[in-house]
Amino acid sequence: MEEVRGFSRLIEISGALKAVPDDPDDDMVVECAVIGNVTHIVTGDKHLLSLTSHQRIAILKAAEFVSLLSSS
């Protein structure tokens, strides 16, 4: 946990973002990513993966992300 805390930051979300119509509980993940200004969401969640992207944030499986890292 301490290692993760070293490169993490807490953010607050409003809960107003509605991006995942099939699973509204996943909206908080996307909102955290938007506020955190991330480039990728790495997940196995089928509802998030069905989006493929949101506001220039790529949403992909772990294997796809590893492949992307390996090619760059």
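No hydrogens, no waters, no symmetry mates; every other heavy atom, side chains included, goes into these values.
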Notebook entry, point to check: Taking only residues at least two apart or on different chains, which pairs with a member in residues 5-35 satisfy ring pair (Phe, Tyr, Trp, His ring centres under 6.0 Å)?
Noted result: none
Which donor-acceptor pairs under 3.5 Å do side chains of residues 47-58 form with protein atoms, sequence neighbours excluded?
residue, atom, partner, partner atom, Å
H47, ND1, D23, OD2, 3.3
S50, OG, H47, O, 2.6

Check: In Å, rounded to the nearest 0.5 Å, how long is the span from CG of D26 to OG1 of T43?
Finding: 7.5 Å
Can you list, pair by pair, the side-chain donor-acceptor contacts under 3.5 Å of residues 32-42, counting residues two or more places apart and other chains?
none

Without placing hydrogens or testing angles, list every side-chain donor-acceptor pair under 3.5 Å for residues 12-19, not counting sequence neighbours.
residue, atom, partner, partner atom, Å
S14, OG, A16, N, 3.1
S14, OG, E31, OE2, 2.9
K18, NZ, G15, O, 3.1

Notebook entry, point to check: Which pairs with one or both residues in residues 2-11 pass side-chain hydrogen bond (donor to acceptor under 3.5 Å, both in side chains), sequence neighbours excluded?
Noted result: E2-R5
Margin query: Clusters formed by hydrophobic residues whose side-chain heavy atoms approach within less than 4.5 Å: which one holds V66, and what are its other members?
Written below: none
Checklist line | Main-chain N/O of V20 paired to D27 side chain as donor or acceptor, under 3.5 Å | finding: yes
